[in-house]
*Asks:* 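This is the structure I have questions about; it appears just below.
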Amino acid sequence: MKTILVGLKRVVDYSVRVRVRPDGTGVDTGGVKMGINPFDEIALEEALRLREAGLADSVVVASVGPKAAEQQLRTGLAMGADRAILVDTEQSLAPRAIARVLLALVERESADLVLLGKQSIDGDNNQTGQMLAALWNRPQATFASKIELVDGCARVTREVDAGLETLEVDLPAVVTTDLRLNEPRFVKLPDIMKAKRKPLDILSLDELAPGLAGGPTPDAYAPPPVRSRGVMVDDVPALLGALRERGVI
Amino acid sequence: MARVLVIAEHDGATLNPSTAKCVTCATALPDAQVDVVVFAVDGQALGGQAAAIQGVDAVKVAEHPANEHALAAVLAPQVAALAGDYTHVLAPSTTYGKDLLPRVAALLDVDQLSDIMELLGERQFRRPVYAGNAIVTVTAPGEETVVATVRTASFAAAPGGGEARVESVTLDVDLPTHTRFVGLESSASDRPDLQTASRVVSGGRALGSAENFDVLYGLADTLGAAVGASRAAVDAGYVANDLQVGQTGKIIAPDLYIAAGISGAIQHLTGIKDAGTIVAINKDPDAPIFEIADIGLVADLFEAVPALREALQG
Ligand SMILES: Cc1cc2nc3c(=O)[nH]c(=O)nc-3n(C[C@H](O)[C@H](O)[C@H](O)COP(=O)(O)OP(=O)(O)OC[C@H]3O[C@@H](n4cnc5c(N)ncnc54)[C@H](O)[C@@H]3O)c2cc1C
Ligand SMILES: Nc1ncnc2c1ncn2[C@@H]1O[C@H](COP(=O)(O)O)[C@@H](O)[C@H]1O
């Protein structure tokens, strides 16, 4: 296989507890720590392992987002990706639009395999990979915890509600990653230096995928209902008493 | 008027309770007419189960040998072929629905909404984002078909006793062969199902080993509870992946949730926000789980859990 395309989304770091702005127009992202969507880091790690096993020639990382997403792409290059593409836009796009952009990149790069995260941890959508597969008219294997490439096919084990399901899909295909697929490597300092010299193309959204629809409009954001701190009990008999008092046992 | 198509989830023999939850969501739409579609090889018995859900007008049974396993690439074109008659297409926000529905939306060339938890109108919904740290109100654009997954923890299952009509449908669509089912390694046990159980006992990293989880199984058996786990416990291999509760695992709403040796990371808490009573047992008095627990006990779980079991039995 020649090329694996990996989607890297810039998101608020998973350790940040975001707050809704008082006027309800969104969440406060000013000054908060940003990073690569954790599932995408797993996708990139898997792509690198496939390349290192001699099963792919090159790994291209792509992000659709603001200029600042160059940071995440540079990290991807430092992890080991060969090339990076930023599709530059300030617009916040719905998964359907992102899938269209990724489809244009798939065609541009003649990708044989697309590895995406199963979900972005900001929008919690869990849609883009499935939509890309449909638009591309190719197979999808979502929530992967194991990927094996054999004879032009990918054998993918998926984390589903009933357990672990294995599918065989013809390539090219879209695979989305779950948490237990691998543990992403750490970036080493010399690699960060090397990554500065790797190619990072910036493409204009309007040229690559003109006329994208806006998607569902967010009308307002609100903080979730709070669950307040309850009672602390001293020992097991007191715990039992509290449970009985609440009528749950 | 809303004409709603609910996509049934099943294992070939039994309808998943998530279907009746989607029906509850569907019937909450103004002036709704609700149909359920069952994709199967032999779907008559399943169609009967769907017909018994109150609030359902008609059940469509689409039988095809390719429907033996729920492959999104095979099911999506069939749903898309049916969708023209409907204003809304709904599926549960289970791994089945999450896999299938975006593919349907893309074929219909519309957007999709994930995890709707509340309806504000025919096209306006509320859904959680940022691991549940914010709730966004969204409006589906224009006139297009609303395609959405339903956060099952937010809706009670519609009761049985209904008598909808059941009809077979034949769909004239090309089904791809590029995706093939190889196998399912099910970790099914005799214990209650995590997603529907009214009581859940969950363990975290503190359990330390698969063997040590026995202490939780003991309490779960006494309570008739399902067993759940944090990501750390699943990653460490103490329990199977399908027991993970949280943002990227299962979102549940039991009457009673007992968390033992779980610190209470935001990603975990988002999975249990709708639980009735949350009990936390943790030896660290500063563990974040205590900030949301209804009843907290600072203790070593290896002492407290067996003691609780004994007290319940005694
Ligand atoms: C993208 C992403 C998605 C994630 N999704 C999920 C998800 O869906 N679900 C999820 O759970 N996590 C998820 N996580 C992980 C999450 O951030 C936490 O790392 C995880 O929940 C921690 O698990 P834990 O509470 O078991 O372990 P820890 O945080 O290590 O907590 C262990 C706790 O046990 C207590 N303890 C230790 N010994 C004892 C004892 N003998 N008796 C009593 N208490 C004891 C300690 O005080 C501590 O509070 C996700 C993370 C990321 C980045
Ligand atoms: N703006 C983006 N740029 C690059 N990849 C993206 C972008 N948005 C989503 N993706 C990919 O699609 C996956 C699923 O995202 P979502 O459907 O938003 O939950 C992510 O894990 C990424 O791999």
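Naming: A, B, ... by sequence-line order, numbering from 1 per chain. Source: prediction; values computed, not measured.
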*Asks:* For the CZ atom of A/Phe39 and the OG1 atom of B/Thr248, what is their distance to the nearest 0.5 Å?
*Replies:*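 Those atoms lie 4.5 Å apart.
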*Asks:* Looking just at side-chain N and O atoms, do B/Arg103 and A/Gln140 make a donor-acceptor pair shorter than 3.5 Å?
*Replies:*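 Distance-only check passes for B/Arg103 and A/Gln140.
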*Asks:* Calculate, to the nearest 0.5 Å, the distance between atoms CZ and CG belonging to B/Arg127 and A/Asn125 respectively.
*Replies:*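 Answer rounded to 0.5 Å: 5.0 Å.
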*Asks:* Hey, which of B/Gly142, B/Ala275, B/Pro128 has the most heavy atom pairs under 4.5 Å with chain A?
*Replies:*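 The candidate making the most pairs under 4.5 Å is B/Ala275.
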*Asks:* Under 4.0 Å between a side-chain nitrogen and a carboxylate oxygen: does that hold for A/Arg229 and B/Asp294?
*Replies:*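 No.
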*Asks:* In terms of side-chain geometry, is the basic nitrogen of A/Asp161 or B/Lys98 positioned less than 4.0 Å from the acidic oxygen of its partner?
*Replies:*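 Salt bridge between A/Asp161 and B/Lys98, a charged N being under 4.0 Å from a carboxylate O: no.
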*Asks:* Any donor-acceptor pair under 3.5 Å linking the side chain of B/Arg199 with the backbone of A/Val248?
*Replies:*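 Here the side-chain-to-backbone pair exists.
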*Asks:* In terms of side-chain heavy atoms, does B/Asp99 have a donor or acceptor partner in A/Gln130 at a distance below 3.5 Å?
*Replies:*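 No pair is found: no donor N or O on one side chain lies under 3.5 Å from an acceptor on the other.
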*Asks:* Measure from the side-chain N and O atoms of A/Asp124 to the backbone N and O of B/Val129, and report whether any donor-acceptor pair falls under 3.5 Å.
*Replies:*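 It does not hold such a pair.
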*Asks:* Decide side chain to side chain contact (heavy atoms under 4.5 Å, CB included) for B/Glu185 and A/Glu165; before the verdict, give the C-alpha distance in whole Å, the side-chain angles of both, and the deciding distance to 0.1 Å.
*Replies:* CA-CA 6 Å; B/Glu185 198 184 303; A/Glu165 183 191 72; over 6 Å; no
*Asks:* Between B/Asp242 and A/Val160, is the side chain to side chain contact (heavy atoms under 4.5 Å, CB included) condition met? List the steps.
*Replies:* CA-CA 7 Å; B/Asp242 50 313; A/Val160 295; over 6 Å; no
*Asks:* Could you go through A/Asp219 and B/Thr139, starting from their C-alpha distance and side-chain angles, then the distance that decides it, and tell me whether this counts as side-chain hydrogen bond (donor to acceptor under 3.5 Å, both in side chains)?
*Replies:* CA-CA 7 Å; A/Asp219 301 317; B/Thr139 302; 2.5 Å; yes
*Asks:* Run the side chain to side chain contact (heavy atoms under 4.5 Å, CB included) check on A/Ile121 and B/Tyr130 step by step: do they pass?
*Replies:* CA-CA 6 Å; A/Ile121 60 161; B/Tyr130 289 97; over 6 Å; no
*Asks:* Let me confirm one number: the NE2-SG distance from B/His178 to A/Cys153, rounded to the nearest 0.5 Å.
*Replies:*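 The distance works out to 12.0 Å.
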*Asks:* Hey, could you give me the OG/CD1 distance between A/Ser228 and B/Ile292, rounded to the nearest 0.5 Å?
*Replies:*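 Reported to 0.5 Å precision, the distance equals 10.0 Å.
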*Asks:* Roughly how far, to the nearest 0.5 Å, is the CD atom of A/Glu183 from the CG atom of B/Asp235?
*Replies:*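 Between atom CG of B/Asp235 and atom CD of A/Glu183 there are 7.5 Å.
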*Asks:* Pairing donors with acceptors under 3.5 angstrom, does anything connect the side chains of A/Asn126 and B/Ser114?
*Replies:*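 No - no donor-acceptor pair under 3.5 Å links their side chains.
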*Asks:* In terms of heavy-atom proximity below 4.5 Å to chain B, should A/Val226 be classed as side chain, backbone, both, or neither?
*Replies:*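 Neither part; nothing is under 4.5 Å.
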*Asks:* Quick check for you: to the nearest 0.5 Å, what is the distance between A/Leu164 atom CG and B/Asn241 atom CG?
*Replies:*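 Here the interatomic distance stands at 4.5 Å.
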*Asks:* Less than 4.0 Å between a side-chain N and a carboxylate O, is that true for B/Arg180 and A/Asp170?
*Replies:*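 So A/Asp170 pairs with B/Arg180 through a salt bridge.
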*Asks:* Does any N or O in the side chain of B/Glu291 come within less than 3.5 Å of the main-chain N or O of A/Arg227, such that one atom is a donor and the other an acceptor?
*Replies:*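 A pair under 3.5 Å: no.
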*Asks:* Select one option (side chain, backbone, both, neither) describing which atoms of B/Leu243 are under 4.5 Å from chain A's heavy atoms.
*Replies:*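 Neither part, no heavy atoms under 4.5 Å.
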*Asks:* Establish, from distance only, whether the side-chain atoms of B/Asp111 and A/Gln127 form a donor-acceptor pair under 3.5 Å.
*Replies:*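 Checked: B/Asp111/A/Gln127 side chains show no N/O donor-acceptor pair below 3.5 Å.
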*Asks:* Could you walk me through whether B/Thr95 and A/Phe143 pass side chain to side chain contact (heavy atoms under 4.5 Å, CB included), step by step?
*Replies:* CA-CA 9 Å; B/Thr95 53; A/Phe143 324 147; 3.7 Å; yes
